[in-house]
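Here's the structure we're looking at; comments come further down.
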Amino acid sequence: MTETLPTRAADLPAQWNPGEVEVGMYERWVEAGYFEADPTSGRPPYCIVIPPPNVTGSLHYGHAMDHTLIDILTRRKRMQGYDALWLPGMDHAGIATQSVVERQLAENGEPSRREMGRAAFVERVWQWKAESGGLILSQMKRLGDGVDWTRERFTLDEGLSRAVVTMFKRMFDDGLIYRAERMVNWSPALQSAISDIEVDHKEVEGELVSMRYGDGEDSIVVATTRVETMLGDTAVAVHPEDERYSHLVGKEIVLPIVGRRIPIIADEHVDPEFGTGAVKVTPAHDPNDFEIGRRHDLPMPTILDESGVVTGTGTRFDGMDRFVAREAIKEELRRQGRIVKEVRPYKHSVGHDSRTGVVIEPRLSLQWFVKVESLAKRCAEAVRSGETVIYPREMEARFFQWVESMHDWCISRQLWWGHRIPVWYGPNGEVVCVGPDEEPPSGEGWVQDEDVLDTWFSSGLFPFSTLGWPDDTLDLRTYYPNSVLVTGYDILFFWVVRMMMFGTYATGKSPFAHVYLHGLVRDEHGAKMSKSKGNVKDPLELIDAYGADALRFTIARGSNPGADMSLSEDWVAGSRAFGTKLWNATRFALSKGASPTLPLPKRPTDADAWILGRLREVAAETDALLDEYQFAKAAEGLYHFTWDEFCSWYVELSKAQLADEATAEGTRAVLGHVLDTILRLLHPMMPFITEALWQALTGGESVVIAEWPKEPGAPVDEGATQRMADLQRLVTEIRRFRSEQRVPDNRRIAAKLIGLDEAGLGGHRNAIASLVRLTEPGPEFSTTATLEVVLSTGRVHVEIDTSGAIDVEAERTRLNRDLAAAQKELAQAEKKLGSEAFLAKAPAEIVEKIRARHAAALAEIERINSRLAALPK
RNA sequence: GGGCGCGUAGCUCAGCGGGAGAGCACUCGGCUUACAACCGAGCGGUCGCAGGUUCGAACCCUGCCGCGCCCA
């Protein structure tokens with residue numbers, strides 16, 4: 001147990017120590033049940049289901065961003081009175097998990113997967129999960145994720161497995177799932193099929209080899225980047241209208257090395273412009289060739305085994321790895337004088353297994369598929385009709401492009417860890433799909449399909465399987481459709497489309513009202529983080545060093561919709577500094593007796609009225625921005641208000657007000673009210689520090705369950721706002737003078753402020769003196785410098801006794817700089833006002849604005865010139 | 001090849017039709033009774049290039065150059 005939280009002002013330590021407090025604070029939130037949703041509460045529901053992380057995974061920046069944003073959304077909704085549910089869970093990550101355990105077996109010298117058999121191996125994986133899986137869950141706690149742990153789910157748990165079988169059975173019965181021998185992306189490393197989106201296409205420098213098939217008159221030259229596939233060729237194809245080859249179509253030639261006679265066929269899909277216009281056809285190892293093979297009823301011999309080794313060709317190349325065979329066959333062809341041309345390097349795109357990086361081998365094999373056409377169409381409709389809105393809108397184009405060109409989804413994996421396909425094959429060729437409550441057929445000769453389903457088949461059900469589907473549960477009725485799915489645009493297709501396909505199919509409704517797509521976290525120079533670049537830092541390290549709030553606020557502040565963000569340690573340090581600022585401001589306020597329970601002053605000072613008006617504006621802006629998922633702007637707005645307005649001006653002004661009995665009590669109330677509101681507004685972004693401060697300030701139970709501010713502060717007071725702007729202008733001008741005259745900041749100087757009353761700032765004399773460290777002019781006061789500051793309602797003369805000669809050159813430089821700025825301003829305004837077209841066509845209010853600027857610039861120039869003239873030589 | 005997006009201060013990014021902004025970095029002055037993880041002041045930009053539309057363009061349109069991503 002960590003130290004108890006301060007609940008009274010006096011207990012607030014001088015420094016915020018996140019490392020000592022955060023973990024215990026999080027535990028208390030969970031114990032108090034703040035994050036538990038209650039569908040019987042009668043509150044409007046708000047639900048976000050986690051995009052399930054892998055059971056093998058650990059927290060990286062993608063998660064950190066995703067979770068921070070989700071947590072901001074749900075914590076705010078909870079405060080707004082919603083029954084907010086953020087449902088956590090993980091997926092079983094078929095390939096990744098199986099690989100981890102297999103590697104472990106090998107390292108320990110234990111029996112291999114195949115040696116121990118399926119049941120024992122699966123048992124072993126469960127054991128691994130119990131011991132080492134789910135590290136990310138504890139890391140989520142460090143980040144402060146306000147998830148409902150009572151509803152945590154796992155794709156392989158009983159309920160979700162039931163959902164998977166139910167879905168499979170329904171789709172199977174509806175003819176949306178079928179088994180067929182098709183060309184799939186085969187990973188020789190995984191020895192499994194993988195889906196299209198698990199393949200990365202990369203430009204590689206290979207070679208294009210042209211070789212001659214047949215001899216003499218009846219020979220033809222074809223080109224390929226994969227020479228070894230020639231062993232599986234069953235035809236050569238040319239375009240039907242290609243006159244160069246029309247005399248050959250229908251004839252047969254001899255396939256070198258193999259000796260097989262193969263036909264020359266005409267097919268419209270051959271591009272006569274590419275290479276020689278003739279292509280070799282390997283139907284079992286190339287998607288295009290497979291289509292040609294189907295159209296022409298060609299044999300489809302498989303010449304590579306599961307691991308990419310040449311097999312069954314009856315040549316001496318059997319047993320060679322595909323890349324070894326490539327070179328060996330090329331040598332043989334060269335020996336035979338059949339190599340016509342070699343283009344090297346030849347840049348072309350090659351599919352790689354995104355997990356292992358090995359080159360994908362297109363391979364004909366018997367697999368299960370989901371027929372996506374109607375499902376994808378329904379997804380597109382959901383977005384087109386507004387049933388689901390994608391934020392930011394620009395991402396819609398990408399979405400449509402994807403769903404409209406989607407291929408059938410290969411869902412079978414040659415693995416053991418996962419949901420085994422619920423199909424049994426009978427002794428006489430029967431195929432039976434067994435639903436969740438049905439008994440599989442038993443008896444001699446019945447066997448279950450060996451394969452498991454793609455992990456996405458189960459994680460794609462997450463928006464509703466986690467809520468109890470297929471049962472009609474209260475959770476499902478309450479929280480489905482989910483409010484929003486939050487994820488990175490890079491995995492738009494992984495989650496979003498699949499969840500939508502399943503959701504619309506199973507329930508008739510799209511699974512979420514909104515989809516918010518955030519960008520990727522990059523390093524401080526905008527480069528993608530990668531292990532090979534060495535620019536990846538563990539988010540947990542940053543949390544340890546700066547606190548979770550600092551990392552979260554940095555992410556919020558950098559997260560513009562759909563845009564990547566650069567994250568550097570400097571930024572995180574800056575966010576920590578912001579937390580420190582908030583900490584110190586609250587400490588100050590508490591030390592002065594500030595409290596949000598005090599009544600706001602009936603007769604507020606200008607400063608009070610101004611900050612209360614700004615508070616209301618900022619709260620409204622924050623709401624509008626968060627409703628639009630504009631996290632960066634919301635965070636920036638709160639940062640600026642808290643630091644640059646509240647701390648830099650109001651808190652400073654409050655010092656004078658607190659010293660005056662007439663205003664002290666009101667000031668305590670305003671300080672308390674503004675801080676209370678700031679802490680609530682910031683809580684979703686910085687949950688820990690705001691909790692500590694809010695409890696200290698208010699004595700309340702927890703800011704987690706505090707009410708979200710609704711029209712805090714007061715309506716904007718135009719007069720007070722104007723006077724505060726003037727005051728700030730005046731103060732800044734005097735500070736500037738001091739700075740440029742090299743008056744050390746710690747030295748007080750005597751000054752006379754003339755014209756304050758006329759400028760409406762008469763009541764602020766003490767405040768100004770305190771802000772710029774002025775003293776009352778004594779009897780020996782002698783003006784050594786004067787300033788004139790133009791304000792909205794008049795001019796203020798400042799006569800200063802700098803106790804000595806002023807730096808005339810510095811003053812001249814400063815005035816000249818101001819003069820140049822004013823002259824530029826004047827020139828711009830004159831140019832516009834001199835244009836007939838402008839006066840005739842621009843809106844009246846714009847013309848008026850320019851006129852005012854023109855007048856102001858003229859006055860400024862006049863003022864500066866007289867000051868310059870008055871300067872001693 | 002098709003599609004989307006981006007080039008704004010040294011760095012990272014806002015702004016997307018009417019006075020060029022922020023954070024960090026940098027310079028100068030300060031431990032001023034909440035805060036040196038701080039305070040005050042300042043320096044810094046032909047808004048990628050070239051045309052066009054408009055009274056007016058960083059912002060809209062076209063082309064070009066450079067960069068990134070997705071799909072084929």
Side-chain angles (χ1 to χ4, degrees), chain A residues 12 14-16 196-197 201 349 392 394-402 404-406 489-490 492-493 519-520 522-528 546-547 550 554 557-558 560 562-571 573-592 594 630 632-633 635-637 639-640 643-644 647-648 651-652 654-655 671 731-748 770-773 814 817 821 824-825 828-829 831-843 845-847 849-850 852-853 856-857:
Chain A
L12 207 55
Q15 276 199 332
W16 167 240
D196 291 351
I197 53 177
H201 292 274
S349 179
E394 304 88 75
M395 288 288 174
E396 276 186 3
R398 213 181 257 209
F399 173 87
F400 285 126
Q401 188 189 6
W402 172 262
E404 280 157 14
S405 62
M406 204 173 167
Y489 65 76
D490 55 327
L492 174 67
F493 312 125
L520 312 180
R522 294 171 175 274
D523 76 2
E524 64 260 49
H525 296 297
K528 206 166 184 168
Y546 299 95
T554 304
R557 211 172 155 207
N560 285 109
D564 294 347
M565 74 163 291
S566 296
L567 188 139
S568 73
E569 196 161 342
D570 284 347
W571 274 86
S575 296
R576 179 183 60 175
F578 178 57
T580 304
K581 189 73 185 173
L582 197 58
W583 184 266
N584 286 315
T586 307
R587 258 182 0 119
F588 168 78
L590 284 171
S591 74
K592 301 293 185 186
Q630 296 278 3
K633 293 188 180 73
E636 190 66 30
Y639 177 94
H640 178 256
W643 200 318
D644 300 333
C647 290
S648 293
V651 170
E652 292 306 321
S654 78
K655 289 173 182 172
L671 281 171
V731 166
T732 301
E733 283 300 319
I734 301 172
R735 283 172 172 169
R736 192 177 163 209
F737 171 84
R738 284 185 57 129
S739 179
E740 290 182 356
Q741 283 302 318
R742 304 294 162 117
V743 178
D745 288 337
N746 54 5
R747 203 174 102 210
R748 292 178 175 276
S770 132
L771 288 170
V772 283
R773 308 184 68 72
R814 183 172 72 90
R817 199 156 41 221
K824 190 180 165 194
E825 173 82 359
Q828 282 178 350
K831 192 178 162 200
K832 292 203 170 187
L833 294 172
S835 156
E836 289 296 331
F838 173 74
L839 295 174
K841 296 192 178 176
E845 79 236 36
I846 297 297
V847 176
K849 212 164 146 185
I850 302 294
R853 275 166 52 192

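Numbered from 1 within each chain, the chains take letters A, B, ... in sequence-line order. Bear in mind that the values here come from a model prediction, so they are computed numbers and not experimental data.
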Minimum heavy-atom distance A632(A)-G558(A), with the two atoms named | CB-C, 4.3 Å
For W571(A), does its backbone N or O pair with a side-chain atom of S575(A) as donor and acceptor, under 3.5 Å?
-> yes
Nucleotide by nucleotide, nucleotides 54-59 of chain B touches protein heavy atoms under 4.0 Å in the pattern (B base, S sugar-phosphate only, - none) -B----
In whole angstrom, give me the gap between the C1' atoms of G45(B) and A22(B).
-> 14 Å
If you look at every strand shown and take non-hydrogen atoms under 4.0 Å, does N560(A) touch a base, only sugar-phosphate, or nothing?
-> sugar-phosphate
Expressed as a whole number of Å, how far does the P atom of C24(B) sit from that of A37(B)?
-> 14 Å
Inter-nucleotide C1' distance (C28(B), U46(B)), Å rounded = 29 Å
Taking atom P in both G29(B) and C67(B), compute the distance separating them and give it to the nearest angstrom.
-> 44 Å
Remember a base hit wins even if backbone is also touched, and classify E825(A) as base, sugar-phosphate or nothing at under 4.0 Å, heavy atoms.
-> base
Taking all non-hydrogen atoms of both residues into account, name the closest pair between L771(A) and R735(A) and its distance.
-> O-NH2, 3.4 Å
Same-atom distance (C1') from A25(B) to A50(B), integer angstrom = 34 Å
How close do M565(A) and T554(A) get, heavy atom to heavy atom, and via which atoms?
-> CE-O, 3.7 Å
Mutual orientation of the aromatic rings belonging to F578(A) and W643(A) [parallel < 30°, tilted 30-60°, perpendicular > 60°] | parallel
Just call it for A563(A): base, sugar-phosphate, or nothing, with non-hydrogen atoms closer than 4.0 Å on any strand.
-> sugar-phosphate
At their closest point, which heavy atom of N584(A) faces which heavy atom of A14(A), and how far apart are they?
-> OD1-O, 4.1 Å
For Q741(A) and G29(B), give me the distance from atom CD to atom P, rounded to whole Å.
-> 15 Å
Write down the distance between CD (E636(A)) and P (G21(B)), rounded to a whole number of angstrom.
-> 15 Å
Quick one: M395(A) CE to G3(B) P, roughly how many Å, whole number?
-> 18 Å
Is E636(A) salt-bridged to K633(A), going by a charged N under 4.0 Å from an acidic O?
-> no
Do we get K655(A) above F588(A)'s six-membered ring, with its NZ or CZ under 6.0 Å from the centre and within 45° of the axis?
-> yes
Euclidean distance for C1', G30(B) against G7(B) (whole angstrom) | 40 Å
Residue pair L520(A) / D564(A): nearest heavy atoms and the distance that separates them | N-OD1, 2.8 Å
May I ask you to evaluate whether N746(A) reaches the phosphate of C31(B), defined as a side-chain N or O under 4.0 Å from OP1 or OP2?
-> yes
Side chains of F838(A) and K831(A): closer than 4.5 Å at any heavy-atom pair?
-> no
Quote, to the nearest angstrom, the P distance that separates C13(B) from U53(B).
-> 35 Å
G3(B) and G42(B): how far apart are their P atoms, nearest whole angstrom?
-> 49 Å
Has K633(A) got a side-chain N or O lying under 4.0 Å from the OP1 or OP2 atom of G15(B)?
-> yes
What nitrogen or oxygen pairs link the protein and nucleotides 10-12 of chain B at under 3.5 Å?
unit_1 : atom_1 : unit_2  : atom_2 : d
U12(B) : O3'    : S566(A) : OG     : 2.7

Mark yes or no for a side-chain to base donor-acceptor pair under 3.5 Å between R853(A) and G19(B), with no hydrogen or angle criteria applied.
-> yes
What one-letter contact string describes nucleotides 34-42 of chain B from 5' to 3', where B marks a base within less than 4.0 Å of any protein heavy atom, S marks contact via sugar-phosphate atoms alone, and - marks no contact?
-> BB-BSSBSS
Compare all side-chain heavy atoms of W402(A) with those of M406(A) and state whether any distance is below 4.5 angstrom.
-> yes
From CG of L520(A) across to P of C6(B) the rounded distance in Å is 16 Å
Taken in chain and number order and not counting sequence neighbours, the residues that satisfy salt bridge (Lys or Arg N to Asp or Glu O under 4.0 Å) with K824(A) are none
Compare every heavy atom of V731(A) with every heavy atom of V772(A), then report the nearest pair and how far apart it is.
-> CG1-O, 3.5 Å
So what does R738(A) touch, heavy atoms closer than 4.0 Å: a base, only the sugar-phosphate, or nothing?
-> nothing
With the side chain counted from C-beta on, respond yes when R853(A) and K832(A) share a heavy-atom pair under 4.5 Å apart, and no when they do not.
-> no
Any sub-3.5 Å donor-acceptor pair from R738(A)'s side-chain atoms to R773(A)'s backbone N or O?
-> yes
Would you kindly give the CD-to-P distance between Q630(A) and C16(B), to the nearest whole Å?
-> 10 Å
Between which residue ranges does RNA chain B form stems of three or more consecutive Watson-Crick or G-U wobble pairs, both distances under 3.5 Å?
-> B:1-7 with B:65-71, B:10-13 with B:21-24, B:26-30 with B:38-42, B:48-52 with B:60-64
Within the pair R398(A) and C4(B), is there a side-chain N or O less than 4.0 Å away from OP1 or OP2?
-> no
Rounded off to whole Å, could you give me the CG-to-C1' distance for the D570(A) and A25(B) pair?
-> 8 Å
More 5' along RNA chain B: K849(A) or S405(A), using each one's nearest nucleotide?
-> K849(A)
Any donor-acceptor pair under 3.5 Å between the side chain of Q401(A) and the base of G3(B)?
-> no
Between atom CZ in F400(A) and atom P in C71(B), what is the gap in whole Å?
-> 18 Å
If you look at every strand shown and take non-hydrogen atoms under 4.0 Å, does R742(A) touch a base, only sugar-phosphate, or nothing?
-> sugar-phosphate
Contacts of E404(A) meeting side-chain hydrogen bond (donor to acceptor under 3.5 Å, both in side chains) (sequence neighbours excluded), chain-then-number -> R384(A)
E394(A) CD to C16(B) P, in whole Å, measures 13 Å
